[in-house]
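Have a look at the structure below before the remarks.
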Amino acid sequence: MVSLEAVRASNAKLKNLPSGLVALFVGGTSGIAESTLKQFYRHAVKPRIYITGRNQAAADRILSELKAIKTDGEASFIKQDLSLLKNVDRVCDEIKARETKLNVLFMTPGTMTLKGRDETSEGLDRKMTTNYYARIRFIYNMLPLLQASAPELSRVVSVLSPGEETASLNFEDLDLKQNFSLRNALTYCVTMTDFAFEELAKANPTVSFVHGFPGGVKTGFFKESSTLVRAGSTMMMDTIMKPWMTSLEESGERHLFAATSRKFVSRDGEEHGVGFEKGESGRGSDGELGSGAYLIGSTGEWKGNEKALKELRSQGPGGKIWKHTMKTFESVENREDGGE
């Protein structure tokens with residue numbers, strides 16, 4: 001566990017990094033991403049941030065609030081539905097036309113629904129797209145800019161649910177076209193994220209990859225759900241879960257730590273980020289210190305289903321998952337209608 005005091009001390013050192021850090025917050029118009037981007041904007045020197053999502057009204061409010069935090073930063077909103085990979089590409093193309101580096105890629109997009117498989121025009125389930133495929137597509141597209149930001153800071157954070165891994169992956173049905181359930185959709189996305197991040201860390205040793213579990217945080221995640229689901233979730237958080245809930249402000253502070261601390265150093269061992277000293281790197285998802293790919297809980301501790309991960313490793317999951325992901329991207333690109 002990393003104390004909140006240590007988190008704040010580390011975040012305060014962000015001002016020591018070069019000015020003009022660039023960050024992209026995916027799904028950044030509410031909740032954890034909004035809170036984190038405000039912390040980043042507050043602590044970085046002359047930051048440039050991009051926010052992408054669907055809610056223009058929320059984005060306008062956030063941009064106005066950022067101006068009140070400081071006047072020498074820059075913030076832009078790119079409106080897109082991120083359940084389609086073609087829209088992910090459009091966001092990335094716009095940023096790549098404007099920037100030569102990207103220091104932080106922070107991702108929280110999701111869809112809360114009790115519906116079953118809900119295929120988009122690209123042939124992918126909407127929930128699995130926002131939880132996995134779109135996130136990996138953002139990384140894949142932005143790798144040149146992430147690599148260009150080293151050695152000052154080069155970090156990817158995906159907030160989902162490490163600890164929910166499954167050892168029962170069907171490598172012939174990773175997109176769950178045959179065996180879909182809401183539970184499978186979550187556990188497959190979590191497990192694929194873990195091993196995709198390990199593959200990415202090996203191939204990109206100057207970039208570090210963090211898969212984080214947010215813990216109990218009262219966000220706007222349920223706002224698109226039915227009235228009954230929204231009411232039930234609100235009651236649960238306000239009563240049963242209240243003693244274990246984390247404030248949005250603290251969550252933002254802790255996620256900024258995940259996005260900037262040296263504790264989650266890149267695989268090359270360089271001193272990317274702030275705060276922790278050399279030799280204090282965290283335990284990677286594969287159990288090795290400073291591996292470049294990390295699974296963390298809400299207070300910075302290692303978090304994962306060790307039994308499931310151990311069972312899977314003997315099957316060479318990383319290569320299979322990465323091959324499936326690239327094949328999926330190719331299939332979407334080659335669709336006759338292109339998702340249009």
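Counting heavy atoms of neighbouring residues, nucleotides and ligands inside a 6.0 Å radius, atom NZ of K70 exceeds 12 of them. Around NZ of K46, the count of heavy atoms belonging to other residues, nucleotides or ligands within 6.0 Å does not exceed 12. Shown here is F329, whose CZ atom has more than 12 heavy atoms of other residues, nucleotides or ligands within 6.0 Å.
Side-chain contact annotation: N11 with R8, donor-acceptor N/O pair under 3.5 Å absent. Defined by atom type and a distance below 3.5 Å, a donor-acceptor pair is missing between the side-chain atoms of E249 and S247. There is no side-chain donor-acceptor pair under 3.5 Å between T246 and R254. Side-chain contact, E94 with Y50: no donor N or O sits under 3.5 Å from an acceptor N or O. A donor and an acceptor atom, one from each side chain of E198 and S285, are located under 3.5 Å apart.
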Task: Intermediate values then yes/no, side-chain hydrogen bond (donor to acceptor under 3.5 Å, both in side chains), E5 and S3 - done: CA-CA 5 Å; E5 181 181 7; S3 70; 4.9 Å; no
TODO: Could you please spell out the steps behind the salt bridge (charged side-chain N to carboxylate O under 4.0 Å, His left out) verdict for K127 and D118?
DONE: CA-CA 8 Å; K127 292 174 290 298; D118 180 18; 5.6 Å; no
Task: I321 vs L169, side-chain contact (heavy atoms from CB on, under 4.5 Å): CA-CA, chis, key distance, verdict - done: CA-CA 10 Å; I321 289 168; L169 285 186; 4.1 Å; yes
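In the hydrophobic clustering of this structure, L174 groups with L124; members are Ile, Leu, Val, Met, Phe, Trp, Tyr whose side-chain heavy atoms approach within less than 4.5 Å, directly or through other members.
Ring orientation note: the planes of Y294 and F264 are nearly perpendicular, at an angle over 60° on the 30°/60° scale.
Sorted by first and then second residue, the ring pair (Phe, Tyr, Trp, His ring centres under 6.0 Å) pairs involving residues 171-196 (not counting sequence neighbours) form an empty list.
With respect to E199 and K202, a salt bridge is recorded, a charged nitrogen being found less than 4.0 Å from a carboxylate O.
Side-chain atoms of T191 come within 3.5 Å of backbone atoms of T166 as a donor-acceptor pair (strictly under, hydrogens ignored). The backbone N or O of E288 sits nowhere less than 3.5 Å from a side-chain atom of R283 that would complete a donor-acceptor pair. The backbone N or O of S149 lies less than 3.5 Å from no partner atom in the side chain of S154, so there is not a single donor-acceptor pair.
Atoms CG and OG1, from L21 and T260 in turn, are 9.5 Å apart once rounded to the nearest 0.5 Å.
Considering only residues two or more places apart in sequence or on other chains, E165 meets the salt bridge (charged side-chain N to carboxylate O under 4.0 Å, His left out) condition with none of them.
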